[in-house]
Amino acid sequence: MHINFNGYTAIVTGATEGIGNSIASMLVKKDCRVIYTGQSESSKNLIPGGEYAQLDLSNQDSINHFINQTIKKTSGIDILINNAGIQIPALTESIKLSDWNKTMAVNITGPMQLIQAVIPYMKESKYGRIVNVGSIAGVITKQGQGAYSASKSGLMGLTRTIALELAPFGILVNAVCPGTTATPMVDKLLSSLKKKTIIKAVPMGRLGTPEEIATFVLFLSSSFNSYMTGQSLIIDGGYVLQ
């Protein structure tokens, strides 16, 4: 199966590192026009062939600017990958409201606004692929993951609803829910001991890689996916089976 995205335009958020970077890089290599985002004015990890745009999903002005100056000035959006996300660990009894609100803004409210912005383009062409990058935290949870888990559970629910609404227009909406993946964010959040503990609990005996998650996203973003919509695919090496 040879996937090619020649003639398609994709937006990939949070693509300066980790899973998002792998998704954007793979799309570029498959001849897709890729607009990828990060919070900084310029990307330190440039993707050859990609087009960088600044986007801070916790800032409404930044979202408005991206929609008006990038989405509305692009002649057609075929693929949207809502990958950007944050996790601010805190027990529910002590989490700051500002941290809760920021988590919701980045992980679910911002993605919803971008979906709203691209729907008219996809309806016009009667084609579209939207993939939301969730987490197994939307299915299971741990102490201190209240905001993150709630936002990812909400993203899965949003995925189902939007898939139902857009199916008549040839627009497919799905989510991927990675387990713990070897990314810079995970390195910042977890100590070496914690990562070893998680690895022991993964039946496959290792963490996932960004490239493995990106491979599933590419299939869901392609025309090869012609009938799957509203689904949240768990990619975790078997972690949630136990």
Nearest heavy atoms of Gly14 and Thr37, plus distance in Å: N-OG1, 3.1 Å
Heavy-atom distance under 4.5 Å between the side chains of Ile86 and Lys102, does that happen here? yes
Treating Ile, Leu, Val, Met, Phe, Trp and Tyr as nodes and any side-chain heavy-atom pair under 4.5 angstrom as an edge, say whether Ile140 and Leu233 lie in one connected cluster. no
Nearest heavy atoms of Thr9 and Gly76, plus distance in Å: CB-O, 3.6 Å
Closest non-hydrogen atoms of Ala15 and Ala24, given as atom of the first, atom of the second and distance, are CB-CB, 4.1 Å
Please examine the side chains of His65 and Asp61, heavy atoms only from C-beta on, and report whether any two atoms are closer than 4.5 Å. no
From CD1 (Ile77) to CD (Glu124), nearest 0.5 Å: 12.0 Å
Would you say Met112 and Val173 are hydrophobically clustered, going by side-chain heavy atoms of ILVMFWY under 4.5 Å? yes
Atom pairs and distances, side-chain donor-acceptor, residues 155-172, under 3.5 Å, sequence neighbours left out:
residue: Thr159; atom: OG1; partner: Asn132; partner atom: ND2; Å: 2.9
residue: Thr159; atom: OG1; partner: Leu155; partner atom: O; Å: 2.8
residue: Thr161; atom: OG1; partner: Gly157; partner atom: O; Å: 3.2

Checking side chain to side chain contact (heavy atoms under 4.5 Å, CB included) for the pair Leu80/Tyr121: CA distance, chi angles, key distance, verdict? CA-CA 11 Å; Leu80 171 64; Tyr121 297 95; over 6 Å; no
Can you confirm whether Leu218 sits close enough to Lys30 that some side-chain heavy atom of one is under 4.5 Å from a side-chain heavy atom of the other? yes
Mind listing the closest non-hydrogen atom pair of Leu114 and Thr13 along with its distance? CD1-CG2, 3.6 Å
Output for pair (Ile79 CD1, Arg33 CZ), nearest 0.5 Å, gives 12.5 Å
Please confirm whether the backbone N or O of Val131 pairs with a side-chain atom of Asn82, one donor and one acceptor, at under 3.5 Å? no
For residues Ile136 and Cys177, report the shortest heavy-atom separation together with the two atoms involved. CG2-O, 3.6 Å
Could you tell me if the ring centre of Phe224 sits under 6.0 Å from that of Phe219? no
Hey, does the side chain of Asp236 reach the backbone of Val240 with a donor-acceptor pair shorter than 3.5 angstrom? yes
Could you tell me which non-hydrogen atom of Cys32 sits nearest to which non-hydrogen atom of Ala10, and how far apart they are? SG-CB, 3.7 Å
Shared hydrophobic cluster for Tyr52 and Ile19 (ILVMFWY, side-chain gaps under 4.5 Å): yes
Is it the case that the side chain of Asn83 and the backbone of Val12 share a donor-acceptor pair, with hydrogens and angles ignored and the cut-off at 3.5 Å? no
Side-chain (Ser153) to main-chain (Ser149) donor-acceptor, under 3.5 angstrom: yes
In the single-linkage hydrophobic clustering (I, L, V, M, F, W, Y; side-chain heavy atoms under 4.5 Å), do Ile11 and Leu57 co-cluster? yes
Enumerate, atom names and distances included, each donor-acceptor pair closer than 3.5 Å involving a side-chain atom of residues 185-196, sequence neighbours excluded.
residue: Asp187; atom: OD1; partner: Lys195; partner atom: NZ; Å: 2.7
residue: Ser191; atom: OG; partner: Lys194; partner atom: N; Å: 3.1

Taking atom CD as the centre, does Gln242 end up with more than 12 heavy-atom neighbours from other residues, nucleotides or ligands that are less than 6.0 angstrom away? yes
Is there a donor-acceptor contact under 3.5 Å from the side chain of Ser232 to the main chain of Val176? no
Gap separating the CE atom of Met26 from the OG atom of Ser221, nearest 0.5 angstrom: 11.5 Å
Is there a side-chain contact between Ile130 and Met122 in this structure, where contact means two heavy atoms from C-beta onward sitting under 4.5 Å apart? yes
Taking the side chain from Asp31 and the backbone from Phe5, do they hold a donor-acceptor pair closer than 3.5 Å? no
Is there a side-chain contact between Tyr36 and Leu46 in this structure, where contact means two heavy atoms from C-beta onward sitting under 4.5 Å apart? yes
Enter the distance from Asn6:CG to Asn4:CG here, rounded to the nearest 0.5 Å. 5.5 Å
Ile63 CD1 to Thr109 OG1 distance, which is reported to the nearest 0.5 Å: 8.0 Å
Got a donor-acceptor contact below 3.5 angstrom from the Gln39 side chain to the Asp56 backbone? no
For Tyr148, what are the other residues in its hydrophobic cluster, where any two members join if their side-chain heavy atoms are less than 4.5 angstrom apart? none
For Tyr8, which residues count as a ring-ring contact (aromatic ring centres under 6.0 Å, His included) partner, sequence neighbours excluded? Tyr127
Any donor-acceptor N or O pair under 3.5 Å, side chains Ser151, Asn107: yes
State yes or no: do Leu27 and Ile47 share one hydrophobic cluster built from I, L, V, M, F, W and Y residues joined by side-chain heavy-atom distances below 4.5 Å, directly or via other members? yes
Set out, in order, the CA-CA distance, both residues' side-chain angles and the distance that settles side chain to side chain contact (heavy atoms under 4.5 Å, CB included) for Met228 and Leu220, then state yes or no. CA-CA 8 Å; Met228 178 186 288; Leu220 293 174; 3.7 Å; yes
According to salt bridge (Lys or Arg N to Asp or Glu O under 4.0 Å), who are the partners of Glu211, at least two apart in sequence or on a separate chain? none
Intermediate values then yes/no, side chain to side chain contact (heavy atoms under 4.5 Å, CB included), Thr181 and Leu207: CA-CA 5 Å; Thr181 307; Leu207 300 183; over 6 Å; no
Mind checking salt bridge (Lys or Arg N to Asp or Glu O under 4.0 Å) for Arg206 and listing every partner two or more places apart, or none if nothing turns up? Glu212
From OG1 (Thr103) to CD1 (Ile95), nearest 0.5 Å: 5.5 Å
